[in-house]
Amino acid sequence: MQNRIVMLADFDYFYAQCEELRDPAIKDKPIVVGVYSGRTEESGAVSTSNYVARKYAVKSGMPLFLAKRKLEGTDAVFFHVDHEYYDQISDRIMQIFRGYATSLEQVSVDEAYLDVTEQVEGSFEKAREYAQKIKADVKTQVGISFTIGVGPNKLVAKIACDSQKPDGLTIVRPEEARFFLAPLDVDRLLGVGKKTMVRMEQMGIKTIGDLAKYDCQRLIEVFGKVIGIYFHNAANAVDNEAVVEQGEAESISRIGTLKQDTRDLEFILQKTTELTADVYREVSEKNLSFKTVAIYMVMVDLSSKTRSITLEQPAKSKAAIETNVRLLFEKYLAESTLEIRRVGVKVSGFSREEPKQKQLSSFFQSI
DNA sequence: CACCCATGTCGAC
DNA sequence: TTACGGTCGACATGGGTG
Ligand SMILES: Nc1ccn([C@H]2C[C@H](O)[C@@H](COP(=O)(O)OP(=O)(O)OP(=O)(O)O)O2)c(=O)n1
């Protein structure tokens, strides 16, 4: 694990680029890919947008009505997310990546780490040409552009990647890594978002360089042992995490927005029945048993709650999800007053154990 | 103590 | 006088058990 060379490949404005690939005629227009909640015709949020739309300050996660307002007067095009299509394209690219790396760690639909130490014989010089070759290959075969960051570990590769996109290639050598990170704001580190940045600011930490100098013991006191040490190491460009194949998902969930805000149990269960059916289909396709069933609620004020129950035995039937979801909602509704906007169903604690005796229904369903 | 459970927070994408 | 997605994982905390 000495002197590794790690790449992070991140597809450019991915969902929106997929839409451009499907219909190149729209390439010069602002493109927004949205998740539509179904509450009203236009309610939902931005999943991503192309760089033309980004010039108008459209951002991932933004409510669609805001994106529409910002793009008023342009010939912007809006799409509903089409995960099947994006997954297909992603799978083809990931397959190509496999041929270029000793190990591949796919971290999302559009991001993967490649350990290419052997392929480039430990040389960052060769890594540049190698990265260009991968980019050209994918561009030719699939037609998608992406950005590559190269570094001595995953952490540095990630930040290198973020530093120049789209269609970028940034290489940070081990001896440069600390100096490369030092001037950047702390939120460039994986795991530092808005809340943590504010806390760090109050501690007088603004840049990664500030964090690197900060007393490690103090960090542990403030953030806990695991995260404190992680922050200390990360700020010093130290990261020994190997590039490893991702295992199977540890939870499967579905969440949806209700047509109206409500506290009515039957109205809620009508929605969770659909969600449960979806969760169940995926669980049974993968032939998984689960041990924990959870519900999720988002209130009108956008605050959220979860409730969960761990079963005595692993289960695998739809009924096992449904009855527990009902139980959990009955219990929760009795102890709160806020109206509910969105609800979710989640199962976790997977195994391939067969439920012991009883639950004949699941036996028959599995035939 | 080690491990499990329930819940919450935060963050990434 | 509005209006705002979905899915996943890591970790902390505070309770329990053997
Ligand atoms: N809040 C978010 C962020 C991202 N995504 C989805 C849509 C993106 O296309 C994909 C990848 O996310 P990235 O953060 O990598 O962003 P993009 O690939 O869209 O843009 P960039 O070119 O900045 O990487 O994940 C999402 O649904 N919701």
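Quick note: numbers below take in every heavy atom, side chains included, and nothing from hydrogens, waters or symmetry partners. In what follows, every chain begins at residue 1, and chains take the letters A, B, ... in the order their sequences are listed.
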When all nucleic acid strands are considered with a 4.0 Å heavy-atom cut-off, which category describes [X]: base, sugar-phosphate, or nothing?
X: V107(A); value: nothing
X: I309(A); value: sugar-phosphate
X: G344(A); value: nothing
X: E111(A); value: sugar-phosphate
X: T292(A); value: nothing
X: R69(A); value: base
X: L328(A); value: nothing

With respect to the phosphate group of [N], does any side-chain polar atom (N or O) of [X] fall under 4.0 Å of OP1 or OP2?
X: K68(A); N: dA3(C); result: no
X: R39(A); N: dG5(C); result: no
X: S308(A); N: dT7(B); result: yes
X: R307(A); N: dG8(B); result: yes
X: K195(A); N: dA12(B); result: no
X: S43(A); N: dA3(C); result: no
X: T257(A); N: dC4(C); result: no
X: S37(A); N: dG5(C); result: yes

Practice problem: Among dG8(B), dC4(C), dC10(B), find the nucleotide with the atom closest to the side chain of K305(A). | Solution: dG8(B)
Quiz prompt | Of the listed nucleotides dG6(C), dC13(B), dA3(C), the one nearest the side chain of F65(A) | solution = dA3(C)
Quiz item: In the 5'-to-3' direction, what one-character label does each nucleotide of nucleotides 8-18 of chain C receive under the scheme B = base within less than 4.0 Å of a protein heavy atom, S = sugar-phosphate only, - = no such atom?
Solution: SSSSS------
Quiz item: So, T147(A) side chain and D167(A) main chain: donor-acceptor pair closer than 3.5 Å or not?
Solution: yes
Quiz item: Is a side-chain N or O of Y130(A) found less than 3.5 angstrom from the main chain of Y100(A), in a donor-acceptor match?
Solution: yes
Quiz prompt | Partner of F146(A) by ring pair (Phe, Tyr, Trp, His ring centres under 6.0 Å), out of Y13(A), F97(A), F14(A) | solution = F97(A)
Quiz item: To the nearest 0.5 Å, how far apart are CZ in R307(A) and CZ in F329(A)?
Solution: 11.0 Å
Self-check item: Atom pair distance, as rounded to whole Å: NZ in K271(A) and P in dG5(C)
Solution: 11 Å
Practice problem: Starting from the C-alpha separation in whole Å, work towards a yes-or-no answer on side-chain contact (heavy atoms from CB on, under 4.5 Å) for L64(A) and V32(A). | Solution: CA-CA 9 Å; L64(A) 283 172; V32(A) 176; 4.2 Å; yes
Exercise. For the residue pair S90(A) and D87(A), confirm or rule out a side-chain donor-acceptor distance under 3.5 Å.
Key: no
Quiz item: With clusters built from Ile, Leu, Val, Met, Phe, Trp and Tyr whose side-chain heavy atoms come within less than 4.5 Å, directly or transitively, what are the remaining members of the cluster of V198(A), listed by chain and number?
Solution: none
